[in-house]
Novice: 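This is the structure, below, for whatever I ask next.
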Amino acid sequence: MLDRRRVLQTLAGLFLSSFGLGGYAYAWEPTHQGVTRYRLKPARWPEGRRLRLAVITDLHVGGPHMPVARVREIVAQTNALKPDLTLLVGDFVASRTRRPSDPAPAEWAAELARLEAPAGRFAVLGNHDWWQDERAQKELRGPTQSTVALEAVGIPVLENRAVRLETSAGPLWIAGLGDQEAFVLRRRPRGLRYGLDDLPATLAMIGDDAPVILMAHEPDIFARVPSRVALTLAGHTHGGQVRLFGWSPIVPSRYGNRYAYGHVRENGRDLVVSAGLGTSKLPIRLGAPPEIVLIELG
């Protein structure tokens with residue numbers, strides 16, 4: 001026969017533990033970004049050439065835990081890493097309908113304009129940059145408010161476009177894919193999603209054998225990325241936002257945990273998926289802390 005006092009003590013302990021864990025997942029982990037470092041030598045990377053890439057994604061400014069002041073802190077932390085190139089991989093705005101109290105895109109773009117990288121700063125858009133823009137959804141075309149804000153401060157937004165750079169590691173192509181879930185047709189059951197991505201057209205712009213780095217907000221495209229691309233960078237998944245023992249119960253990807261987080265190597269090709277910095281839907285993180293990614297190539 002169970003002792004009533006022991007049962008009550010056990011139930012109280014479970015309650016307090018879950019309360020404490022929930023408090024950590026809401027109040028602590030989402031607000032303390034770190035730096036996650038990778039050292040990679042992709043198959044198509046020239047011998048002896050070194051390049052430092054900083055990757056920022058999924059800020060979700062205006063959402064829980066992401067005021068403009070924190071964007072300023074993230075920019076300072078990124079600049080302290082002394083990257084050669086800084087890449088912004090989408091979802092600059094909150095993952096909900098825009099509110100009057102949200103920061104104007106020009107406010108967070110002004111902070112991102114402080115990013116310092118001698119080889120440049122480039123961006124792609126994420127699905128929420130499109131979904132939050134009522135005009136873009138109605139007319140099924142850009143530019144979005146995020147695009148206008150970023151380009152106004154000198155950060156090019158690459159949409160199915162590749163640009164050739166001269167860097168300290170030699171010539172390099174940066175390719176940016178249009179978002180794979182840009183539009184939601186809410187007239188359809190569950191809302192049909194489709195994108196602007198055109199991988200063949202993007203890669204067709206590459207005119208020589210210099211290495212290629214591809215930015216794509218959602219990682220799912222990696223299944224179709226050819227070996228010509230040295231490295232693919234993505235965000236979107238937030239590492240599942242809740243990640244236990246290397247596994248996430250919910251991942252916004254048709255491939256589940258295959259492309260949920262981190263460095264993935266398949267058939268000699270390399271992908272890095274960042275857990276990002278903000279939160280989406282649920283304002284929690286557990287086992288998937290926010291991160292700035294630093295990749296040292298070569």
Side-chain angles (χ1 to χ4, degrees), residues 40 42-46 51 53-58 84-92 117 119-131 133 136 140-144 146-148 150-151 154-167 169-183 193-237 253-255 259 264-274 293 295 297:
L40 304 180
R44 297 186 67 92
W45 191 257
L51 196 72
L53 308 177
V55 181
I56 295 173
T57 188
D58 296 277
D84 298 301
L85 186 64
T86 297
L87 303 177
L88 309 169
V89 197
D91 271 2
F92 299 93
R121 309 154 305 169
F122 296 89
V124 294
L125 297 186
N127 55 305
H128 288 290
D129 299 309
W130 285 96
W131 294 0
D133 194 312
L140 301 181
R141 63 183 178 88
T144 68
S146 293
T147 299
V148 172
L150 288 164
E151 296 200 330
I155 299 177
V157 176
L158 304 181
E159 190 170 287
N160 299 324
R161 188 158 64 97
V163 295
R164 191 178 188 274
L165 306 177
E166 292 294 337
T167 74
L172 174 71
W173 287 91
I174 298 296
L177 195 66
D179 189 70
Q180 298 159 65
E181 298 184 357
F183 302 117
R193 301 178 184 181
Y194 68 98
L196 291 166
D197 55 300
D198 192 336
L199 184 62
T202 304
L203 298 183
M205 295 182 180
I206 296 165
D208 58 32
D209 60 356
V212 180
I213 294 174
L214 174 67
M215 292 190 292
H217 180 66
E218 296 90 352
D220 287 14
I221 195 67
F222 185 65
R224 297 192 286 117
V225 171
S227 59
R228 173 69 182 90
V229 176
L231 174 64
T232 301
L233 302 172
H236 184 63
T237 65
S253 165
R254 74 188 69 174
Y255 297 101
Y259 300 145
V264 178
R265 174 164 281 178
E266 290 186 352
N267 303 318
R269 301 168 306 131
D270 289 278
L271 164 71
V272 172
V273 183
S274 170
V293 169
I295 303 172
L297 292 172

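Nothing fancy with the numbering, it's 1 onward along the sequence.
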Novice: Classify the angle between the aromatic ring planes of F183 and Y194 as parallel (below 30°), tilted (30 to 60°) or perpendicular (above 60°).
Specialist: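 Tilted: the ring planes of F183 and Y194 meet at 30° to 60°.
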
Novice: Any donor and acceptor pair, going by atom type alone, linking the side chain of N267 with main-chain N or O of R269 inside 3.5 Å?
Specialist: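 Such a contact is absent between N267 side chain and R269 backbone.
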
Novice: Does D58 reach the main-chain N or O of H236 with its side chain, forming a donor-acceptor pair under 3.5 Å?
Specialist: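 Flag set: sc D58 to bb H236 pair under 3.5 Å.
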
Novice: If I take atom CG from residue L140 and atom CG from residue L196, how far apart are they, to the nearest 0.5 angstrom?
Specialist: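 If we round to the nearest 0.5 Å, L140:CG and L196:CG are 9.0 Å apart.
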
Novice: Would you say D197's side chain and L177's backbone share a donor-acceptor pair under 3.5 angstrom?
Specialist: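 No, D197 side chain to L177 backbone: no donor-acceptor pair under 3.5 Å.
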
Novice: Kindly give the heavy-atom pair with the smallest separation between P219 and G235, and that separation in Å.
Specialist: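 Of all heavy-atom pairs spanning P219 and G235, the closest is CD-O, 3.7 Å.
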
Novice: Do you see a donor-acceptor pair shorter than 3.5 Å between the side chains of S146 and D129?
Specialist: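 Their side chains do contain a donor-acceptor pair, which is all the 3.5 Å distance test asks for.
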
Novice: Mark yes or no for whether R224, through its side chain, and I221, through its backbone, hold a donor-acceptor pair below 3.5 Å.
Specialist: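 Not at all, since once roles are kept as given, no pair shorter than 3.5 Å links the two residues.
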
Novice: For the CG atom of L233 and the CD1 atom of I295, what is their distance to the nearest 0.5 Å?
Specialist: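 Going from the CG atom of L233 to the CD1 atom of I295 covers 5.0 Å.
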
Novice: State, yes or no, whether a side-chain contact exists between F122 and R161 at a heavy-atom distance under 4.5 Å.
Specialist: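 The answer is no; the side chains never approach within 4.5 Å.
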
Novice: So, does W131 use its side chain to make a donor-acceptor pair with the main chain of E181 at under 3.5 Å?
Specialist: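 The answer is yes, because a donor-acceptor pair under 3.5 Å joins these two groups.
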
Novice: When you measure from the side chain of N160 to the backbone N and O of D198, does any donor-acceptor pair fall under 3.5 Å?
Specialist: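 Such a contact is found between N160 side chain and D198 backbone.
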
Novice: Can you tell me how far apart CG (L125) and CH2 (W130) are? Round to the nearest 0.5 Å.
Specialist: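 Reported value, rounded in 0.5 Å steps: 6.5 Å.
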
